[in-house]
Amino acid sequence: MLEITRIRNDFDNVVKALKKRGLSGIEKKLNDLIASDNLRKSQKTEIDKIFNESNNLSKKIGIAYKSGETGEIESLKNKSQELKEKSKKIAGSLKNTESEINEILLALPNTPDNRVPEGKSDKDNKVIHTSDSSEVNKDLKPHWDLIKEFNIIDFETGNTITGAGFPLYTGDGAILQRALINYFLDFAREEGYTEVQPPILINEISALNTGNLPDKEGQMYKIENENLYLIPTAEVPVTNIYNKKIIESNLLPIKNAAYTPCFRKEAGSWGSHVRGLNRLHQFDKVEIVQIQSKNDSEDALNGMCDHVQKLIESLEIPFRKILLCAGDLGFTSSITYDFEVYAPGQDRWLECSSVSNFLTYQSNRMNLKIKDGKSKELAHTLNGSALALPRILASIIENNQGENSITIPKVLHKYTGFKMISR
RNA sequence: AGAGGAGUGGCAGAGUGGUCGAAUGCGGCGGUCUUGAAAACCGUUGUACCGCAAGGUACCGGGGGUUCGAAUCCCUCCUCCUCUGCCA
């Protein structure tokens, strides 16, 4: 979440940045926040004074007992008792004030970077780069037809096992899936990422730390009795590796990569445009996460974008890179680049990666710091998909379809063991 | 899952009601000595909040309680270890 000192010191810019997201009443909200924080400070000072007094009294009582001068003990006790009553009242108010502050802070999204374009929806996103792609061939089929014809993904059986959005990958389809995962992980390792295998169930605190709660409550599957959530992305468990950690600056950058399945309810986001692999409740993804210092996080962001771009290019599918506008920007992010691959069978761009810099937004919730000599400061956290599988798969299938086969990108051959999928 | 045991500073480990934020050892940092290093010796070494500062407050797994006073007593939750059970 946003740092309250920053809101105080850089008020106008914070307001301006949050307004960019289309939030209304921000000025008042932030003024209320500062007022509450002032109240908090005075309450804290008040209660500290009382504690100080009663601590002194207790010491006196202790000394009196030891020395046997028990005469004034009773009156000291009474005095202390009075202070206690008083402190209870103030402690209650202080607690209220603190939870008010917390509530406001939790509900505030990150401030968009200056480079983030104004805008309300994905229509206002800025295309930064588009790879050369061949013109649309009207005869190309969408992947939902091809996967049936080539018998590589079975949605119907997935429906009976679980429900809509839980596909069953079969035969060469399953192998291709595994090949992509292994390729992505190997690629990340070559780029200096340490592979981790995190839990795919997370508790409330972890979800809160990365900002998935309270913002995305309705989007995550919850195990009610256990108070656990299925991860919507590996970002949550992998970033939370560093919860409450203080990292020596010479250990930077921290670079982790993880493959996990991801689970999303996608409530309300179904429609005719989301067929086949375009949107699922369960999908596979390799995620890269970095922890960086303030000064180096921008370079890290660029490095992660390069990583994603190289990966897509190596698969030889058309893609474009997009800078998200303020209205489309994720709650916790300050700047996000999306990568979309082209699916010619449906003449549609499909998002397959999102690379973001969260600055201190997550580290402030986690209390994740970097220590350089004596000084400590909040870390910057970043992450990106590298890559989300289903839409990559869709794009590969649609781009590489032939009359009787689907060609597998060269870089995957050593992982699949075959060069094409035949009928 | 049942029974028993345990959770203290970076680590190890004392402390079972009163100046305990906490002995001691190791590690870390600074220094003396040395051509340099090691050893030895001296000093220093947790986090957060309030305060311009002096200083104050909170924190001994988390939360709650008893008490004038809690690391220490009580309740509860979590985690770990041992044994039994079950399973991959």
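Model, not experiment: these values are computed from the prediction.
- Comparing B:A12 with B:G7, their P atoms sit 12 Å apart, to the nearest whole Å.
- Here B:C78 presents its P atom at 14 Å from CD1 of A:Ile205, a figure rounded to the nearest Å.
- With both ends at atom C1', the span from B:G4 to B:G10 equals 31 Å, rounded to whole Å.
- A donor-acceptor pair shorter than 3.5 Å cannot be found between the side chains of A:Ser99 and A:Asn102.
- Comparing A:Asn56 and A:Lys371 against RNA chain B, the residue whose closest nucleotide sits nearer the 5' end is A:Lys371.
- In this structure, the CD atom of A:Glu53 is 18 Å from the C1' atom of B:A58, given to the nearest Å.
- Among residues at least two apart or in separate chains, salt bridge (charged side-chain N to carboxylate O under 4.0 Å, His left out) pairs with a member in residues 22-37 of chain A are A:Arg8-A:Asp37, A:Lys19-A:Glu27, A:Lys28-A:Asp32, A:Asp37-A:Arg40.
- Using modelled atom types and a 3.5 Å distance limit, the side chains of A:Tyr229 and A:Gln219 yield no donor-acceptor pair.
- Between the side chains of A:Tyr242 and A:Asn256, a donor-acceptor pair is found at a separation under 3.5 Å.
- Across the C1' atoms, B:C20 and B:U79 are found 26 Å apart, a figure rounded to whole Å.
- For A:Asp10, the side-chain hydrogen bond (donor to acceptor under 3.5 Å, both in side chains) partners are A:Asn13, not counting sequence neighbours.
- Using atom P as the reference point in both B:G13 and B:U47, the two lie 23 Å apart (nearest Å).
- Under a 4.0 Å N-O distance rule, the pair A:Lys410/A:Glu316 qualifies as a salt bridge.
- For A:Lys41, taking side-chain heavy atoms from C-beta onward, the closest of the listed nucleotides B:A58, B:G51, B:U47 is B:G51.
- Remark: P of B:C78 and CG of A:Leu228 are 12 Å apart, rounded to the nearest angstrom.
- The interatomic distance linking A:Leu94 (CG) with B:C49 (P) rounds to 14 Å, in whole Å.
- The side-chain hydrogen bond (donor to acceptor under 3.5 Å, both in side chains) test applied to A:Glu100 returns no partner, not counting sequence neighbours.
- A:Glu3 has its CD atom 13 Å from the P atom of B:A48, to the nearest Å.
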Would you tabulate the nitrogen or oxygen pairs shorter than 3.5 Å linking the protein to nucleotides 52-56 of chain B?
unit_1 : atom_1 : unit_2  : atom_2 : d
B:G56  : O3'    : A:Asn52 : ND2    : 2.8
B:G56  : N2     : A:Asp48 : OD2    : 3.0

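- B:G21 and B:A58 have their P atoms separated by 9 Å, given to the nearest Å.
- In this model, a donor atom of one side chain and an acceptor atom of the other lie less than 3.5 Å apart for A:Asn399 and A:Ser395.
- Considering only side-chain atoms of A:Ile63, the nucleotide from B:U19, B:U57, B:U47 that sits closest is B:U19.
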**Complete:** Contact string for nucleotides 63-75 of chain B, one letter per nucleotide 5' to 3', B = base within protein heavy-atom range under 4.0 Å, S = sugar-phosphate only, - = neither, reads -S--BBS------
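- The separation of B:C74 from B:A22, taken at their C1' atoms, amounts to 23 Å, rounded to a whole angstrom.
- Nucleotides B:C73 and B:U16, compared at atom P, are 9 Å apart to the nearest Å.
- When the P atom is used for both B:A1 and B:C77, the distance is 13 Å, rounded to whole Å.
- Contact annotation: A:Lys244 does not reach the phosphate of B:U47 (side-chain N/O to OP1 or OP2, under 4.0 Å).
- Between the side chains of A:Ser354 and A:Asp338, at least one donor N or O lies within less than 3.5 Å of an accepting N or O.
- Distance A:Asn367 CG to B:C49 C1': 12 Å, rounded to the nearest Å.
- Stacking of A:Arg423 on the aromatic ring of A:Phe150 is recorded, both the 6.0 Å distance cut-off and the 45° axial limit being met.
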**Prompt:** Could you spell out the base pairing of RNA chain B in dot-bracket, with Watson-Crick or G-U pairs whose two distances are under 3.5 Å, [ ] crossing and | to another strand?
**Reply:** ((((((((.[[[..)..(.....]]]((((((.......))))))(((((....))))).[[[[[..)....]]]]])))))))....
What protein N or O atoms touch nucleotides 86-88 of chain B N or O atoms at under 3.5 angstrom, if any, and at what distances?
none

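- Where A:Lys376 and A:Asp37 each meet RNA chain B at their nearest nucleotide, the meeting point lying more 5' is that of A:Lys376.
- The salt bridge (charged side-chain N to carboxylate O under 4.0 Å, His left out) analysis of residues 180-195 of chain A, with sequence neighbours excluded, yields the pairs A:Asp186-A:Arg189, A:Glu191-A:Lys310.
- One interatomic measurement links the two molecules: CG of A:Asn364 to P of B:U47, which rounds to 17 Å at whole-angstrom precision.
- Nucleotide B:G28 holds its P atom 19 Å from the CD1 atom of A:Ile246, rounded to whole Å.
- At B:C50, one or more side-chain N or O atoms of A:Arg40 fall inside 4.0 Å of OP1 or OP2 (strictly under the cut-off).
- Remark: A:Lys244 engages no residue in a side-chain hydrogen bond (donor to acceptor under 3.5 Å, both in side chains) (not counting sequence neighbours).
- Not a single ring pair (Phe, Tyr, Trp, His ring centres under 6.0 Å) links A:Phe358 to another residue, sequence neighbours left out.
- Inspection of the A:Arg6 and A:Thr111 side chains reveals an N or O donor paired with an N or O acceptor under 3.5 Å.
- Not counting sequence neighbours, A:Asn159 has no partner by the side-chain hydrogen bond (donor to acceptor under 3.5 Å, both in side chains) test.
- Listed by first and then second residue, the side chain to side chain donor-acceptor pair (under 3.5 Å) pairs involving residues 286-301 of chain A are A:Arg115-A:Glu298, A:Tyr193-A:Gln290, A:Lys285-A:Glu287, A:Ser293-A:Asp296, A:Ser297-A:Asn357, A:Ser297-A:His380 (not counting sequence neighbours).
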